[in-house]
Every structure is written in C-alpha cells, then in structure tokens.
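Counting starts at 1 for both ligands and their atoms, following the listed order.
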Amino acid sequence: MLLFKKVDQLQAYLSKQRAKGLQIGYTPTMGALHQGHASLVEKAKAENDISVCSIFVNPTQFNDPADLEKYPRTEAQDIDLLTQLGNDVLFYPSAEEVYPKDIVIPTFDFGPIDKVMEGFYRPGHFDGVVEVVYRLLDITKPDRLYMGQKDFQQFTLIYHMIKQMNSKTELVVCPIIREEDGLALSSRNVRLTAGNRANAPIISKTLSSLNDWLQKDTVRTVKEKAIALLSEVPDFKPEYLDIVDGYTLQPISDFEESPYIVACAAIWTGDIRLIDNIILKKLE
Ligand code: PAF
C-alpha cells in the first residue's frame, strides 16, 4: 500500500493514474477502522481500479472537545487492516495539509435537512463534515465516494453537496455492518463499559420492532413507545428517535405519507453517544 501525507504528492500520483484511464474509488475515514470501514474499502476496491482511503480525525466536526480528545487513534492497526484488504493508497494528512491558511470552502444550502436530528443536537458538526469532505473530494477527485448508511444524515448531506458542486463523483452508500447481537459497528463502541455494551443491542432491537408496531399504531404512539422503552434501560438517555422522510429527513406523522421512511436514533449510553437507523420503507 502506498502512503501519502502530502496533498501535492497524492495528487501527482492520482493524476498519473487518471491519465492511464484508471478509475478511483475513495473512502474517507477518521481511523479506528472496523469491519464497517472494511466493507467500504472492499467495495471501493471491487468497483474501481484504485482504492484510496484517508485517515484524518477532523477537528472541525467535533462539537464536543472531550469527544475529539477521546476519539480512538489506532494507526498501526488501521494500516494493518488496510494492507490486508489490499487497499492501494492511504492518505494520512496533517491538519495543515487539509486546511492550509488560504483555503476557501464554498457554502452549501441544505434547507431544513441539516437542522434536524444530528444537526440539531450537534451544532456545528455538519459544517465541519461538509467542510472536510468538500476539501478531501477536491484533493482526491474520485470517480466514486464510499460512505456508510450508519451516518444516514451525513450521507444525505454529502449527496446534496455533490449535486450542488455539479461534481461527477458518484456517491455509493453501503449497508450498516452489525455485531452478531445487532449493535451497529462504530469506532466509539470500544469505549463502552461492559454493562453498557451488553445493553447496547437494545437500540437496534427497538428499531427492528418499529415496522411491526407501525402496523397497529400511529407514528406518534410508536415513537413515544420506543423512546419510553429505551429510557428504561439502565444508563440509556435517548437524545432522539425520529421517524422521518428518507429524502427530506423531516418527521412524518403518517406511515402512508412518504414512499421512503427511515427511523434514526441517537442514544447516550453513559458518556458514549451511539447512533443507528433503519429503513422502514423504500418503494423504488
Ligand atoms: O464518517 C466519518 O468518519 C467522518 O464524518 C468523515 C466522513 C470521514 C469526515 O471526517
């Protein structure tokens, strides 16, 4: 695997590959890689000539400085995993490379999409995500960008950003990878206490029950029931569980209201915040 730390060196390499007609698949990450990331890199590798992965813990997207400080950093393990996966290029830049002094990042208009859920509870978070993904895309100019469904609102915003940029990059969204007991893989899972780890799968179990419940009850009743159930779990503090239109991310009040419905949740388990989601309906 080739490792680049400098933007100009990575760009020189990628331009040569593009000139040969090779296609580039790109997976941005913040490291602490797990099988969820591996699934993105594997798909990027399978669908392109060159798989590029970046590791950059982006300070501008952490609305909580303590979360940034505690964010797991596992450089040697990450490099091992990427090597095993046959990833071709690792971009491992410093903050100075990603954000040089003269950098100008355009602003994008997402309407109400970035005001709800993560956007509401983590003020400034999406400004940082959009800023870094814009910059990383500008550096790598990939044919395809690989992101996970686990960050549902994140990939929705990036989809709109790419559209507004008139970019030719295709966004490929990959399914959530879960532990056997249903817990969605996340770099933050390693920080769960044993007790909180044992209870964490209740989040995905609750989300999986929603479709059944929605056959019998209104969206509002189902949402209240789910939040009440999650609130009873020791050490759990649900921040939100919203049942939303999958395109606009606005809450729905009737299950027949939209052809694309998703339930998204953020739950504090002790001092770790876990997010998860489930697509409840998607009519093609
Ligand atoms: O999902 C993540 O890991 C990050 O938000 C991303 C997309 C790598 C941007 O820093």
Between [Y] and [X], is there a salt bridge with N-O shorter than 4.0 Å?
X	Y	answer
Asp64	Lys70	no
Glu131	Arg135	no
Asp143	Lys168	no
Arg273	Glu118	yes

Inset, instruction - Compute whether any side-chain donor of one residue and acceptor of the other, for Tyr71 and Asn58, lie under 3.5 angstrom apart. - result: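 Per modelled atom types, Tyr71 and Asn58 side chains form no pair under 3.5 Å.
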
Inset, instruction - Verify whether one side chain among Asn48 and Tyr146 offers a donor that lies under 3.5 Å from an acceptor in the other. - result: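 Asn48 vs Tyr146: donor-acceptor pair found between side chains.
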
Pairs under 3.5 Å, N/O atoms on ligand 1 and on the protein: can you put them in a table with the distances?
unit_1: ligand 1; atom_1: 1 (O); unit_2: Gln154; atom_2: NE2; d: 2.9
unit_1: ligand 1; atom_1: 5 (O); unit_2: Gln61; atom_2: NE2; d: 2.9
unit_1: ligand 1; atom_1: 5 (O); unit_2: Gln154; atom_2: OE1; d: 2.7
unit_1: ligand 1; atom_1: 10 (O); unit_2: Gln61; atom_2: OE1; d: 2.6

